Amino acid sequence: MDKGGSTASVLSVKGFACGYGKSAPPVLQGIDLAIATGETLCLLGPNGAGKTTLFKTMLGFLKPLSGIMSINDEDTSSWHRKRFAQHIAYIPQEHTPAFPFTVLEVVLQGRTPHLGTLGSIGRTDNEVAKTALESLAIGHLSGRDYTTLSGGERQMVLIARALAQQPSFLVMDEPTASLDFGNQARVLERVRALAASGIGVIMTTHDPNQALLLGGKVACMGRDGSFVVGDAAATVTPDLLRSLYDVDVIYAQAQDAEGRQVPICAPFIAAWGSDGCS
């Protein structure tokens with residue numbers, strides 16, 4: 001069930017070839033994936049594997065060289081941008097506005113796809129924006145200058161702005177990049193809560209542990225063009241990580257706060273020499 005209590009929506013990518021013009025070789029080929037509302041999908045892979053290219057193509061910034069993206073079997077390439085934004089919201093790594101908007105003004109920008117011809121903000125838009133802030137426990141920041149916030153606070157505001165769009169799916173580009181350990185955990189908790197509320201979340205990450213902790217789906221992309229999709233716990237293995245990142249991996253089980261066994265991993269680092277160098 002999605003957040004509105006109706007049948008879950010499904011976003012599908014079939015036969016995607018992605019790149020930067022037909023005169024250049026494709027960056028990615030034969031990409032197939034699907035995610036339903038209420039699920040998480042993490043994109044894993046080394047730098048240069050094509051994660052950003054795939055995101056740009058899914059968001060319509062690049063035209064696919066072949067293949068289609070659909071929501072509930074309807075090809076989204078024919079949708080106008082306003083309709084697209086009512087279904088899919090994008091959360092960048094960071095955002096610095098040209099003007100010192102307040103937090104509430106930033107979140108209200110997410111209402112743009114729902115505004116009428118005159119584009120004026122109404123009472124309903126303000127209520128939706130304030131509800132989004134309160135749902136993330138940052139309502140007290142509504143009057144603050146967005147540019148003065150910490151990195152973790154800014155990321156939460158960007159999530160609130162996306163929630164104000166009232167989308168079915170969120171696309172998040174490395175949402176924990178540049179955040180400290182505590183704020184990374186808070187963002188991941190919020191991602192899990194968003195999925196539990198019925199929103200489909202697609203995010204890139206450089207940390208395999210984040211995919212394991214979220215416990216949803218994972219799509220693993222290699223520089224050789226390999227593309228593997230599956231449940232995170234079954235897919236993110238030492239062998240796969242070694243093939244993706246060319247490092248040996250330590251793999252173990254840990255117990256979370258709810259008593260569940262959660263797999264965790266770390267790169268294997270050879271013993272240091274007596275002079276402090278490997």
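Values in this document were obtained by computation on a predicted structure and should not be read as measured data.
Separating the CD1 atom in Ile159 from the CG atom in Leu170 is a distance of 8.0 Å, to the nearest 0.5 Å. In this structure, CG in Leu108 is found 11.0 Å from CZ in Phe101, a value given to the nearest 0.5 Å. Here the straight-line distance linking atom OG1 of Thr112 with atom NZ of Lys82 works out to 9.5 Å at 0.5 Å rounding. Between atom OG1 of residue Thr40 and atom CE of residue Met172 there is a gap of 11.0 Å, rounded to the nearest 0.5 Å. Between atom CG of residue Leu212 and atom SG of residue Cys265 there is a gap of 5.5 Å, rounded to the nearest 0.5 Å. We find the OG-CZ distance between Ser77 and Phe84 to be 10.0 Å, quoted to the nearest 0.5 Å.
The nearest pair of heavy atoms linking Ala132 to Leu163 is CB-CB, 4.1 Å. Residues Tyr245 and Gly45 come closest through the heavy atom pair OH-N, 3.2 Å. Here the closest non-hydrogen pair linking Val187 and Gln155 is CG2-CG, 4.1 Å. The nearest pair of heavy atoms linking Lys51 to Leu44 is CD-C, 4.0 Å. Here the closest non-hydrogen pair linking Leu244 and Cys220 is CD1-CB, 3.8 Å. Closest of all the heavy-atom pairs between Ala164 and Val107 is CB-O, 3.6 Å.
Between Trp79 and His87, the two ring planes are tilted [angle within 30° to 60°].
Side-chain atoms of Thr76 come within 3.5 Å of backbone N or O of Met69 as a donor-acceptor pair. A distance-only check finds a donor-acceptor pair linking the side chain of Arg186 to the backbone of Gly182 [under 3.5 Å]. His114 places no side-chain N or O within donor-acceptor distance of the main-chain N or O of Gln86, the cut-off being under 3.5 Å. A donor-acceptor contact shorter than 3.5 Å is absent between the side chain of Lys14 and the backbone of Leu33. Judged purely by atom type and a 3.5 angstrom limit, Thr57 has no side-chain atom pairing as donor or acceptor with the backbone of Cys18. Side-chain atoms of Thr235 do not come within 3.5 Å of backbone N or O of Ala232 as any donor-acceptor pair. Distance alone, capped at 3.5 Å, places no donor-acceptor pair between the Arg223 side chain and the Pro46 backbone. At least one donor-acceptor pair closer than 3.5 Å links the side chain of Tyr251 to the backbone N or O of Val236. Although no hydrogens or angles enter the test, the distance criterion places a donor-acceptor pair under 3.5 Å between the side chain of Gln184 and the main chain of Leu179. At distances below 3.5 Å, at least one donor-acceptor pair connects side-chain atoms of Asn72 with backbone N or O atoms of Val10.
With respect to Asp231 and Lys217, no salt bridge is recorded, no charged nitrogen being found less than 4.0 Å from a carboxylate O. Look at Glu74 and Arg83 and you find a salt bridge, because one of the NZ, NE, NH1 or NH2 atoms lies within 4.0 Å of a carboxylate O, short of that distance.
No continuous path of hydrophobic side-chain contacts links Leu240 to Val229 [ILVMFWY only; heavy atoms under 4.5 Å]. Grouping the Ile, Leu, Val, Met, Phe, Trp and Tyr side chains by contacts below 4.5 angstrom, directly or via other members, places Leu214 with Leu194. Residue Ile31 is not grouped with residue Ile68 when hydrophobic side chains (ILVMFWY) are merged at heavy-atom distances under 4.5 angstrom, including chains of intermediate members. Under a hydrophobic-cluster definition in which Ile, Leu, Val, Met, Phe, Trp and Tyr are linked whenever side-chain heavy atoms come within less than 4.5 Å, directly or via other members, Val157 and Val128 are assigned to different clusters. By the rule that hydrophobic residues join a cluster once side-chain heavy atoms approach within less than 4.5 Å of another member, Phe169 and Phe16 end up as members of one cluster.
In this structure, a donor-acceptor pair under 3.5 Å is absent between the side chains of Asp239 and Thr237. If you check the side chains of Thr205 and Gln210, you find a donor sitting under 3.5 Å from an acceptor. Side chains of Ser178 and Gln93: a donor-acceptor N/O pair is absent below 3.5 angstrom, by distance only.
You'll find the side chain of Ile35 reaches within 4.5 Å of the side chain of Ile202, heavy atoms only. Contact annotation: the side chain of Leu158 never approaches that of Arg154 to less than 4.5 Å [non-hydrogen atoms, C-beta and beyond]. By the 4.5 Å heavy-atom criterion applied to side chains, Val249 and Phe268 are not counted as neighbours.
Within the structure, side-chain hydrogen bond (donor to acceptor under 3.5 Å, both in side chains) pairs that include any residue of residues 62-71 do not occur (at least two apart or interchain). Residue pairs satisfying the side-chain hydrogen bond (donor to acceptor under 3.5 Å, both in side chains) criterion with at least one member in residues 124-141, sequence neighbours excluded, are listed as follows: Arg111-Asp125. Among residues at least two apart or in separate chains, there is no salt bridge (Lys or Arg N to Asp or Glu O under 4.0 Å) pair with a member in residues 205-215.
In terms of the side chain to side chain donor-acceptor pair (under 3.5 Å) criterion, Arg123 has no residue partners (sequence neighbours excluded). Under the side chain to side chain donor-acceptor pair (under 3.5 Å) criterion, Glu153 pairs with Ser150, not counting sequence neighbours. Applying the side chain to side chain donor-acceptor pair (under 3.5 Å) test to Ser12 and every residue at least two apart in sequence or in another chain returns nothing.
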Checklist entry - Given Gln253 and Ile264, is the side-chain contact (heavy atoms from CB on, under 4.5 Å) satisfied, shown in steps? => result CA-CA 6 Å; Gln253 294 286 328; Ile264 58 173; over 6 Å; no

Item to check | Step-by-step side-chain contact (heavy atoms from CB on, under 4.5 Å) determination, Leu141 to Leu133 | outcome: CA-CA 8 Å; Leu141 298 177; Leu133 287 166; 5.9 Å; no

Item to check | Val247/Leu241 under side-chain contact (heavy atoms from CB on, under 4.5 Å): CA gap, chis, key distance, verdict | outcome: CA-CA 7 Å; Val247 294; Leu241 294 176; over 6 Å; no

Checklist entry - Could you walk me through whether Arg242 and Asp246 pass the side-chain contact (heavy atoms from CB on, under 4.5 Å) check? => result CA-CA 5 Å; Arg242 187 181 302 112; Asp246 195 27; 5.6 Å; no

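Annotation for Asp224: atom CG counts as buried by contact number, over 12 foreign heavy atoms lying within 6.0 Å.
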